[in-house]
Colleague: 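Below is a structure I'd like to ask you about.
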Amino acid sequence: MPSRRSLRKPVAVSAVACAALAGGLLTATQSASAAGARIHDIQGSTRISPLAGQQVSEVPGTVTAIRSFGSARGFWVQDPHPDRNPATSEAVFVFTGKETPKVAVGDALTFSGTVSEYYPGGKDAGLQSVTEITGATWKVGSSGAPLPAAFKLNPASVPNRYAPAAGGKSIESLTLRPGSYALDHYESLEGMRVSVSSAPVVGATNTHNELWVTAEPRHHRTARGGTLYRSYADPNGGRVKVTSLIPFSERPFPVADVGDELTGTTAGPLDYDSFGGYTLQATELGTLADHGPAPETTRKQKSGELAVATYNVENLAPTTPQAKFDRLAKALVHNLASPDVVALEEVQDDNGATDNGVVTAGATLTKLTDAIKAAGGPAYEWRQIDPVNDEDGGQPGGNIRVAFLFNPGRVSFTDIKGGDSTTPVQVVADHGKATLSASPGRIAPADPAWKASRKPLVGQFSLKSRPGSRVFVIANHFNSKGGDQGLDSRFQPPARSSETQRTGQARLVNAFVKDLLAKDPKAGVVVAGDLNDYSFSPALKDLTAGGVLTDQVGRLPAAERYGYVYNGNSQVLDHMLTSRPLTRADYDIVHINAEYADQASDHDPQVLRIKP
């Protein structure tokens with residue numbers, strides 16, 4: 001399958017515009033330098049070519065790779081005679097559009113054309129550009145030339161620091177410092193042949209035939225072989241995406257899981273796209289070695305324990321194939337040991353993405369609970385509140401919401417009338433304890449913090465083996481990171497615009513928990529769900545402010561603090577937090593999805609066992 005970059009159209013940037021991006025107007029010297037230019041002159045020592053928008057003629061080089069599919073066809077050409085400046089790349093992509101170029105790997109040629117800057121995803125996406133040649137012509141002088149040796153990516157070559165800082169502004173005009181910053185290092189290799197050897201897989205193969213490896217195997221390694229994202233300061237610069245230029249009929253793309261390894265050498269030109277940044281376009285693929293661990297299972301809760309789980313079931317609807325329902329059910333019954341209460345995220349309405357005003361989700365939840373029974377699990381009941389149509393974000397028409405499943409054989413749900421999509425739930429004093437004005441109920445649904453986002457669902461539960469026990473579970477799905485600038489953005493540090501809304505959401509949930517504890521300092525509270533943010537984020541700091549909640553992921557060994565993998569970074573987005581009375585919680589992230597090419601959801605579920 002071709003890379004998603006093949007869907008783009010060519011973009012030529014004028015000389016004046018590119019010079020302005022680089023920080024000034026073209027000079028007569030720069031204009032004259034187009035004559036007799038070599039590839040390192042075209043690439044220059046910043047991210048924008050000093051010759052952008054200009055014509056270059058008879059530039060020499062050797063063809064190292066060809067993209068012969070999609071609408072972004074072309075070839076990479078590299079100068080076998082580099083200069084001594086490590087900041088200047090010696091290769092460039094020659095763009096031919098929908099036409100397959102009539103060249104062969106090893107052709108020594110000269111090319112002519114216009115120097116252009118292409119922004120994957122469009123300039124407004126905030127990503128870096130790719131310097132390329134458009135409107136090209138070329139002359140082949142000879143064939144079978146040896147290819148330049150591939151630059152080896154390894155721990156010694158990748159700088160510890162990730163990107164230069166520019167106060168959130170563009171780094172395009174900054175001179176590359178490939179020995180100081182990982183992003184500069186990769187940019188200085190743009191289009192050149194690079195290689196990785198015995199590379200650990202840190203991001204599983206996806207449906208676009210892409211996977212992630214790391215050139216720094218020991219850097220922030222997780223317990224199961226991934227790369228842990230631990231702070232904004234270190235996004236793990238050794239990560240590189242791998243896709244293939246080899247025809248599928250000759251070499252199928254490896255189906256790899258996190259923890260596997262591409263043994264031997266994987267090599268090809270270093271590209272850049274909008275779906276993960278720097279990408280090794282492999283003309284040589286290593287052999288897949290299956291080292292990845294098996295999916296996990298958690299232990300069964302004891303008679304006096306209440307097991308609460310959270311699981312993002314990823315746009316589940318009646319239109320979802322039955323096989324996914326069956327896999328989710330099997331995971332809940334076997335891998336999660338049939339939790340007593342499950343907070344579900346991304347439950348869609350009864351006709352899925354069809355946008356026709358339907359908001360009920362009974363068919364979706366019936367199909368799931370039926371599958372659970374068929375898998376040997378309990379006869380779960382559910383509680384949820386239908387949202388206002390098209391008000392809670394997610395896939396258009398899907399009306400995703402959070403919902404509770406519970407096992408009536410072990411727990412009781414305290415039903416209190418009055419909960420609906422727009423009425424805020426309140427904490428009510430109840431003879432020295434706390435209860436709810438409505439159960440289930442929604443927290444501050446009209447507050448602007450929940451605009452186009454899922455509203456938290458609060459429910460009151462009791463464990464039947466402990467009469468009189470009360471546990472308040474708050475199911476959440478905070479707003480997504482959509483709109484944030486990428487880690488590899490040309491703006492550094494990248495802006496996290498979505499964070500503002502999540503911090504507002506976190507403060508509302510924190511205030512509700514404080515109200516519960518004010519009415520009953522011994523109240524058992526579990527806050528669970530997909531919070532779409534990290535333990536070190538401002539949102540989690542606001543959610544736990546005042547010490548009213550403990551984020552259970554922080555109690556795990558550092559190498560186990562993840563349940564989601566994005567662009568090769570193992571990270572935590574789903575959380576389970578508890579109030580102080582629930583100090584003896586037993587918490588487990590059950591790794592069954594995020595690290596695998598074959599997954600029922602992109603999130604790993606989590607289980608918390610408490611004694612009310």
Side-chain angles (χ1 to χ4, degrees), residues 1-18 21 34 37 39 42-43 47-49 51-79 89 91-125 127-141 143 190-193 208-210 241 243-250 268-283:
M1 182 181 293
S3 165
R4 286 169 286 185
R5 186 174 183 269
S6 65
L7 301 177
R8 59 92 158 168
K9 297 179 180 179
V11 177
V13 181
S14 72
V16 173
C18 288
L21 285 170
I39 293 175
I42 294 170
Q43 287 284 5
R47 285 171 166 78
I48 299 296
S49 171
L51 304 180
Q54 297 190 60
Q55 293 286 322
V56 291
S57 300
E58 299 183 356
V59 182
T62 302
V63 176
T64 61
I66 301 166
R67 182 189 285 130
S68 58
F69 48 75
S71 58
R73 304 183 191 193
F75 59 94
W76 284 268
V77 59
Q78 184 166 337
D79 194 332
S89 170
V92 72
F93 183 68
V94 179
F95 173 73
T96 60
K98 296 181 180 180
E99 298 296 324
T100 300
K102 296 180 179 180
V103 295
V105 172
D107 281 354
L109 52 71
T110 58
F111 64 83
S112 303
T114 302
V115 181
S116 302
E117 293 291 340
Y118 164 65
Y119 287 89
K123 192 173 179 182
D124 291 343
L127 300 174
Q128 300 183 59
S129 63
V130 178
T131 303
E132 57 184 28
I133 306 299
T134 58
T137 59
W138 54 88
K139 298 177 182 177
V140 177
S143 301
E190 181 185 88
M192 293 176 60
R193 280 172 40 81
H208 299 279
N209 286 333
E210 301 164 339
K241 190 172 73 174
T243 188
S244 179
L245 295 171
I246 305 170
F248 194 83
S249 58
E250 295 180 16
L270 190 64
D271 197 13
Y272 180 90
D273 70 25
S274 57
F275 297 95
Y278 290 101
T279 301
L280 195 162
Q281 297 273 2
T283 56

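Predicted model only: the values in this text are computed from it and were never measured.
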Colleague: Measure the CZ-OG1 distance between Phe95 and Thr114 for me, rounded to the nearest 0.5 Å.
Modeller: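 Output value for this atom pair is 12.5 Å.
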Colleague: Look only at the side chain of Tyr272 and the backbone of Gln128, and say whether a donor-acceptor pair between them is shorter than 3.5 Å.
Modeller: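 Yes; judged by distance alone, with no hydrogens or angles, the pair exists.
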Colleague: How about Arg73 and Thr100: does a side-chain donor come under 3.5 Å of a side-chain acceptor?
Modeller: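 There is such a pair (donor and acceptor under 3.5 Å, judged by atom type) between the side chains of Arg73 and Thr100.
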Colleague: What are the two closest non-hydrogen atoms of Ile133 and Gly113, and how far apart are they?
Modeller: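 That closest heavy-atom pairing would be CG2-CA, 3.8 Å.
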Colleague: Rounded to the nearest 0.5 Å, what separates atom CH2 in Trp138 from atom CG in Asp107?
Modeller: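 Between atom CH2 of Trp138 and atom CG of Asp107 there are 10.5 Å.
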Colleague: side-chain contact (heavy atoms from CB on, under 4.5 Å) between Trp76 and Asp271: does it pass, once the steps are laid out?
Modeller: CA-CA 10 Å; Trp76 284 268; Asp271 197 13; 4.0 Å; yes
Colleague: With sequence neighbours left out, write down each residue that passes side chain to side chain contact (heavy atoms under 4.5 Å, CB included) with Val105, or none if nothing qualifies.
Modeller: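 Val105 satisfies side chain to side chain contact (heavy atoms under 4.5 Å, CB included) with Ile66, Leu147 only.
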Colleague: How far does OH of Tyr119 sit from CG of Asp124, to the nearest 0.5 angstrom?
Modeller: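 Separation between the atoms: 11.0 Å.
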Colleague: Compare every heavy atom of Ala65 with every heavy atom of Leu245, then report the nearest pair and how far apart it is.
Modeller: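 Shortest heavy-atom contact: CD1-CB, 3.8 Å.
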Colleague: Enter the distance from Ile39:CD1 to Glu190:CD here, rounded to the nearest 0.5 Å.
Modeller: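 Reported to 0.5 Å precision, the distance equals 11.5 Å.
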Colleague: Does any non-hydrogen side-chain atom of Lys102 lie less than 4.5 Å from one of Val140?
Modeller: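 No. Closest side-chain heavy atoms not under 4.5 Å.
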Colleague: With sequence neighbours excluded, give me every side-chain hydrogen bond (donor to acceptor under 3.5 Å, both in side chains) pair touching residues 57-66.
Modeller: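 For residues 57-66: none.
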Colleague: Sequence neighbours excluded, which residues qualify as side chain to side chain donor-acceptor pair (under 3.5 Å) partners of Ser68?
Modeller: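 Listed in chain order: nothing, the list is empty.
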Colleague: On a heavy-atom basis, which atom in Pro120 and which in Ala125 lie closest, and how many Å separate them?
Modeller: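 Smallest heavy-atom distance, with atoms named: O-CB, 4.1 Å.
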Colleague: State the CD1-OG1 distance between Ile246 and Thr243, to the nearest 0.5 angstrom.
Modeller: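 OG1 of Thr243 is found 10.0 Å from CD1 of Ile246.
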Colleague: Which atoms form the tightest heavy-atom contact between Ser129 and Ile48, and what is the distance?
Modeller: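 It is OG-CD1, 3.6 Å.
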Colleague: For Ala37 and Val56, which heavy atoms make the closest approach, and how far apart are they?
Modeller: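 So the minimum-distance heavy-atom pair works out to CB-CG1, 4.3 Å.
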Colleague: Excluding sequence neighbours, so at least two apart, what forms salt bridge (Lys or Arg N to Asp or Glu O under 4.0 Å) with Arg47?
Modeller: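 Arg47 satisfies salt bridge (Lys or Arg N to Asp or Glu O under 4.0 Å) with Asp184 once adjacent residues are dropped.
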Colleague: Working to the nearest 0.5 angstrom, can you tell me the gap between Glu132 CD and Gln43 CD?
Modeller: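 Here the interatomic distance stands at 10.5 Å.
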Colleague: Counting only N and O atoms by type, is there a donor-acceptor contact under 3.5 Å from the side chain of Thr279 to the main-chain atoms of Lys241?
Modeller: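 Checking the backbone N and O of Lys241 against the side chain of Thr279, no donor-acceptor pair under 3.5 Å is found.
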Colleague: Looking only at atom types and distance, does a side-chain atom of Glu117 sit under 3.5 Å from a main-chain N or O of Ser49, one as donor and one as acceptor?
Modeller: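 Yes: the side chain of Glu117 pairs with the backbone of Ser49.
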Colleague: List the residues meeting side chain to side chain contact (heavy atoms under 4.5 Å, CB included) with Ala91, not counting sequence neighbours, and say none if there are none.
Modeller: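 Residues passing side chain to side chain contact (heavy atoms under 4.5 Å, CB included) with Ala91: Gln78, Ser89, Met192.
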Colleague: Where do Ala72 and Phe93 come nearest, in terms of heavy atoms and distance?
Modeller: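 Here Ala72 and Phe93 meet closest at O-CZ, 3.7 Å.
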Colleague: Please name all residues satisfying ring-ring contact (aromatic ring centres under 6.0 Å, His included) with Phe111, sequence neighbours left out, ordered by chain then number.
Modeller: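 Residues passing ring-ring contact (aromatic ring centres under 6.0 Å, His included) with Phe111: none at all.
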